[in-house]
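Remarks on the structure that follows.
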Amino acid sequence: MRPLSCEEVDELLPWCVAGECEPDQRGLVEQHLAHCPRCRQGYGEAERLSTLLDWHHRESAGLERLRVRLREESRRGATRRAVLPFVRRIASVAALLFVAVGLTSWITPPPEERPEIAVGLLSGVGDFPAEVVDQVKGRPLVARGGGTRTEFLELAGRSPAEHRGKLLAAAEAGRLPAPPRVDLTLELRNRGEQTLYLDVGGAGTELRLDLSGPGALALPGASENDPPFLSRRVVRLAPGERYLLPVRYLIDGTRGHLRSLYWTEPGRYVLNVDYRVGVSPSPSERQLTRSTRTFTVPPMTIQVRRQ
Amino acid sequence: MQAHMSSGGASETDAELVRRTIRGEVRAFDVLADRYYRAVGGYLLRRVQRPDVAEDLTQETFLEAFRSLRAGRLPEIFAGWLYGIAHNRLGKWLRRKAVLSFSAAPPEEIAAPAEPAVIEEAEAQRHLLGRLEAGLAELPTETRQLLALKHREGKTCEQIAATVGRPVGTVKSLLSRAYRALRERLGGAATAEKGRGS
């Protein structure tokens with residue numbers, strides 16, 4: 001297919017940001033963005049504009065909702081003030097009774113509000129349940145905890161610009177080298193009270209890695225054709241159980257539209273991870289395909305040093 | 001920090017409005033909310049990049065401030081104190097996402113920026129949203145309606161076309177033109193460069 005010009009890409013950017021681009025157009029845009037810093041900048045601007053417009057259009061409604069909540073809060077406060085002296089008296093009597101009877105049972109705190117599925121990013125691989133052990137061929141767990149990790153970049157005497165040029169040429173020739181091995185693990189834990197099913201690698205699956213930093217580079221294609229996040233399986237998660245998804249390399253995207261991400265010079269990078277997957281209380285394929293959810297992991301800082 | 005004097009028809013200083021709120025006047029706090037909703041929301045939006053989350057955090061920020069004032073807390077400088085609450089709410093939200101002890105912690109610049117930096121960032125976002133509002137005002141009414149259908153109601157171009165009874169291509173073309181104009185208005189370097197080139 002014919003590559004797109006900057007003007008054509010610029011026309012398509014708002015629709016790519018809004019997710020209304022046709023898959024083949026999206027592929028062409030991504031291909032163009034990998035080579036064109038000006039259009040990459042344009043993509044960032046289009047994303048920011050879309051976010052600002054979303055906010056702008058909900059601002060007045062939000063302010064109105066706040067006013068209503070302030071009035072509710074004010075009424076509740078007034079009720080509390082009226083009832084408080086009475087409650088205090090009752091509480092004093094209850095406290096005396098409590099001591100007199102000698103109750104020593106535990107008082108369970110009320111359950112805190114929390115999402116059904118908790119998501120986290122582990123630094124390192126290992127400690128996997130049986131179903132994923134075959135995929136990770138365990139490098140030992142490197143580290144648990146800490147928002148910052150250090151990685152090394154081997155430039156082999158090249159300048160960062162030369163290194164980028166080599167990567168771009170490799171991408172054009174369809175021979176992308178493996179992106180940095182990061183060995184992260186995405187953990188999804190069922191914190192709800194019902195069993196849930198995850199459609200890992202299903203039709204709606206997308207792993208989005210946003211790497212920002214001085215020499216961040218995203219190129220279409222990947223050396224690994226079937227990364228673990230696209231390996232299809234329906235996972236049953238009973239309450240309290242977790243699913244661990246290895247992210248070995250900086251490869252993201254959807255089936256047929258993979259990208260490889262690289263750091264090409266030393267510096268401080270921030271990695272944001274979004275994982276979209278089908279989640280449903282029912283294992284039926286129809287339900288799983290229709291109910292995708294996106295999980296966002298807190299950003300991780302990566303300090304890249306020259307080797 | 002600028003002293004806000006008039007917005008929404010109110011000419012009272014923040015300190016006067018704070019004292020009236022403490023005395024139990026909800027309307028005084030309404031004026032403070034009018035003054036700072038955009039700046040606080042803009043700051044949170046910039047940090048989380050998700051309008052729904054930014055809105056929730058903004059509401060929680062103002063409700064917490066309101067409860068504190070009603071409990072008799074008298075902040076030295078309202079704006080700085082309010083941004084501090086917003087910043088703490090943001091930190092809590094980020095920590096709640098890092099539910100596991102071994103999850104990645106938020107990066108340092110999110111965890112602890114200096115107070116002046118928060119205020120500066122919030123003011124910059126407020127100005128940016130003001131510029132956007134001015135840019136929208138210059139667009140034709142029909143285009144504004146299309147943008148509202150897209151960004152308020154979350155409709156796709158096809159749904160918008162069906163709603164307004166116009167071809168999808170026309171809707172896309174009108175919206176594209178609006179996006180380009182707004183990006184230029186907001187100082188989009190890439191857009192401006194293209195505009196000069198064509």
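Quick note on labels: first sequence line is chain A, next is B, and so on, each numbered from 1.
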Does B:Glu121 reach the side chain of B:His87, with side-chain heavy atoms less than 4.5 Å apart?
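They are not in side-chain contact.
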- Task: Indicate yes or no: at least one non-hydrogen side-chain atom of B:Arg70 is less than 4.5 angstrom from one of B:Phe29.
- Result: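 No, too far: nothing below the 4.5 Å cut-off.
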Cut-off 4.5 Å, heavy atoms of chain B, and the answer for A:Arg40 is neither
Highest number of heavy-atom pairs under 4.5 Å with chain A: which of [options]?
{"options": "B:Asp52, B:Thr58, B:Leu128", "value": "B:Asp52"}
{"options": "B:Glu158, B:Glu55, B:Glu133", "value": "B:Glu55"}
{"options": "B:Leu129, B:Val26, B:Asp30, B:Thr156", "value": "B:Asp30"}
{"options": "B:Cys157, B:Ala71, B:Gly24", "value": "B:Cys157"}
{"options": "B:Gly41, B:Gly154, B:Gly42", "value": "B:Gly41"}

query: What's the verdict on side chain to side chain contact (heavy atoms under 4.5 Å, CB included) for A:His56 and B:His151, showing C-alpha distance, side-chain angles and the deciding distance?
result: CA-CA 9 Å; A:His56 171 85; B:His151 293 276; over 6 Å; no
Would A:Arg65 and B:Asp56 count as a salt bridge (charged side-chain N to carboxylate O under 4.0 Å, His left out) if you check the C-alpha gap in whole Å, the side-chain angles of each, and the deciding distance to 0.1 Å? CA-CA 11 Å; A:Arg65 194 157 68 91; B:Asp56 286 347; 3.7 Å; yes
Tell me, for B:Arg38 versus chain A, whether the close heavy atoms (under 4.5 Å) come from the side chain, the backbone, both or neither.
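Contact with chain A involves both backbone and side-chain atoms of B:Arg38.
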When the 4.5 angstrom heavy-atom criterion is applied to B:Arg27 and chain A, the contacting part is both
With chain B, the option among A:Glu47, A:Arg48, A:Arg71, A:Glu11 that has the most non-hydrogen atom pairs under 4.5 Å is A:Arg71
Exercise for review: Give the intermediate values and the outcome of side chain to side chain contact (heavy atoms under 4.5 Å, CB included) for residues B:Arg166 and B:Leu146.
Suggested key: CA-CA 11 Å; B:Arg166 302 201 63 176; B:Leu146 298 181; over 6 Å; no
* To do: Mind running salt bridge (charged side-chain N to carboxylate O under 4.0 Å, His left out) on A:Arg75 and A:Glu72 for me, showing each step along the way?
  => CA-CA 5 Å; A:Arg75 270 197 297 278; A:Glu72 281 168 8; 5.1 Å; no
Nearest heavy-atom contact between B:Ile22 and B:Gly72 is CG2-CA, 4.3 Å
